[in-house]
Amino acid sequence: MAEPAKRNATYEDFRAVPEGLVAEILFGSLVVHPRPAPPHGTASTALQIELGGPFQKGRGGPGGWIFIVEPELHLGPHIVQPDLAGWRRERMTHMPATSYIETPPDWICEVLSPSTEANDKGPKRRIYATYGIGHLWHLDPVAKLLEVFALQPPRWVLHETYQDGDAVDAPPFDAVPFQLSELWPISPAPTTMP
């Protein structure tokens, strides 16, 4: 007996996911995971602060960017929610009236966590390449590493890996370097054995 055809997830499926969970549609499959732990959120917020002043506001830097935390991006049939995305102002001339954005960003940062790393490094990276997103950063707050990729169609090329203590001068934000250690102001609590 033949298996029934798999039904692709819909926007209604996406919207039906309970609050407190993060949903995405990747290659037709609804992917749901819990909200990330505090080190993840802290690193994402700190990165937005580091980049926002010089690159969005033009304070000590060139300006010209718009950043959004966890935007809902509709890229063709895919719905993704990267941790942080940035658009050059000439490509995002107005904010959409919808809760989602269809204009692919120029830069994305995924903050890696155990529940999302496989998708961040697999299907989402392929989607980002397909839609011409020029720069992708993978930030790991546990290992305290930043991997910076540049799109050279059709694939990603690793530009640089930064470790804790390094000055980050990575494209497209190489005009104003920052210290990677600024992204984790406090260490996570040690785990204890019961």
Side-chain angles (χ1 to χ4, degrees), residues 3 5-48 51 67-87 98-163 170-172 180 183-184 188:
E3 297 251 342
K6 180 185 160 204
R7 178 182 77 83
N8 283 344
T10 65
Y11 192 51
E12 289 73 32
D13 298 327
F14 172 87
R15 292 181 53 142
V17 170
E19 280 192 47
L21 297 174
V22 178
E24 298 179 298
I25 297 178
L26 310 176
F27 294 98
S29 294
L30 181 66
V31 176
V32 179
H33 55 85
R35 288 253 168 235
H40 179 286
T42 301
S44 181
T45 300
L47 180 58
Q48 180 191 18
L51 298 178
F67 297 104
I68 301 177
V69 174
E70 296 179 356
E72 180 182 320
L73 301 178
H74 289 211
L75 303 175
H78 313 288
I79 299 176
V80 295
Q81 294 191 75
D83 294 296
L84 192 55
W87 289 259
T98 59
S99 62
Y100 55 87
I101 300 169
E102 294 179 310
T103 303
D106 297 290
W107 167 84
I108 283 179
C109 180
E110 293 287 5
V111 182
L112 304 178
S113 63
S115 64
T116 64
E117 185 171 3
N119 284 324
D120 290 342
K121 290 184 171 183
K124 288 177 78 174
R125 190 157 53 184
R126 289 192 300 277
I127 291 166
Y128 297 157
T130 299
Y131 286 86
I133 295 162
H135 302 276
L136 173 63
W137 291 10
H138 283 163
L139 181 62
D140 187 331
V142 175
K144 297 184 177 180
L145 289 173
L146 172 64
E147 292 180 312
V148 174
F149 297 91
L151 183 61
Q152 293 183 3
R155 59 184 40 96
W156 292 104
V157 174
L158 179 64
H159 170 77
E160 186 70 65
T161 300
Y162 296 90
Q163 299 178 351
L180 189 60
L183 303 187
W184 21 86

Any side-chain heavy atom of [X] sitting closer than 4.5 Å to one from [Y]?
X: Ile68; Y: Trp87; value: yes
X: Leu47; Y: Cys109; value: yes
X: Tyr131; Y: Leu73; value: no
X: Arg125; Y: His138; value: yes
X: Val80; Y: Leu75; value: yes
X: Phe67; Y: Trp107; value: yes
X: Val111; Y: Pro141; value: yes
X: Leu158; Y: Glu147; value: yes

ask   = Given Thr161 and Leu146, is the side chain to side chain contact (heavy atoms under 4.5 Å, CB included) satisfied, shown in steps?
value = CA-CA 6 Å; Thr161 300; Leu146 172 64; over 6 Å; no
Check against side chain to side chain contact (heavy atoms under 4.5 Å, CB included), Leu151 and His135 = CA-CA 6 Å; Leu151 183 61; His135 302 276; over 6 Å; no
message = Can you tell me how the ring of Tyr100 sits relative to the ring of His74, calling it parallel under 30°, perpendicular over 60° and tilted otherwise?
response = parallel
Gap between atom [atom2] of [Y] and atom [atom1] of [X] - 0.5 Å precision:
X: Thr130; Y: His78; atom1: OG1; atom2: NE2; result: 6.5 Å
X: Leu180; Y: Lys144; atom1: CG; atom2: NZ; result: 9.5 Å
X: Leu183; Y: Leu139; atom1: CG; atom2: CG; result: 5.5 Å
X: His33; Y: Asn119; atom1: NE2; atom2: CG; result: 7.0 Å
X: Ile108; Y: Ile127; atom1: CD1; atom2: CD1; result: 10.0 Å
X: Asn8; Y: Asp13; atom1: CG; atom2: CG; result: 10.0 Å

Determine the minimum heavy-atom distance between [X] and [Y], stating which atoms define it.
X: Trp156; Y: Ile133; answer: CH2-O, 2.9 Å
X: Ser29; Y: Ala9; answer: C-CB, 4.2 Å
X: Pro105; Y: Gly86; answer: CB-O, 3.4 Å
X: Trp137; Y: Pro172; answer: NE1-CD, 4.4 Å

Name every donor-acceptor pair, under 3.5 Å, that has one atom in a side chain of residues 18-28 and the other anywhere in the protein, sequence neighbours excluded.
| unit_1 | atom_1 | unit_2 | atom_2 | d |
| --- | --- | --- | --- | --- |
| Glu24 | OE1 | Lys124 | NZ | 3.4 |
| Glu24 | OE2 | Gln81 | N | 2.7 |
| Glu24 | OE2 | Lys124 | NZ | 2.7 |

task = For Arg15 and Tyr11, indicate whether the former's side chain and the latter's backbone hold a donor-acceptor pair under 3.5 Å.
result = no
query = For Tyr128 and Glu110, what are the C-alpha separation, side-chain angles and deciding distance, and is it a side chain to side chain contact (heavy atoms under 4.5 Å, CB included)?
reply = CA-CA 11 Å; Tyr128 297 157; Glu110 293 287 5; 2.6 Å; yes
ask   = So, His40 and Asp83: side-chain donor and acceptor under 3.5 Å apart, yes or no?
value = yes
ask   = Is the closest side-chain donor-acceptor distance between Ser113 and Thr116 under 3.5 Å?
value = yes
key: Validation row, ring centre Phe149 to ring centre His159 under 6.0 Å   = no
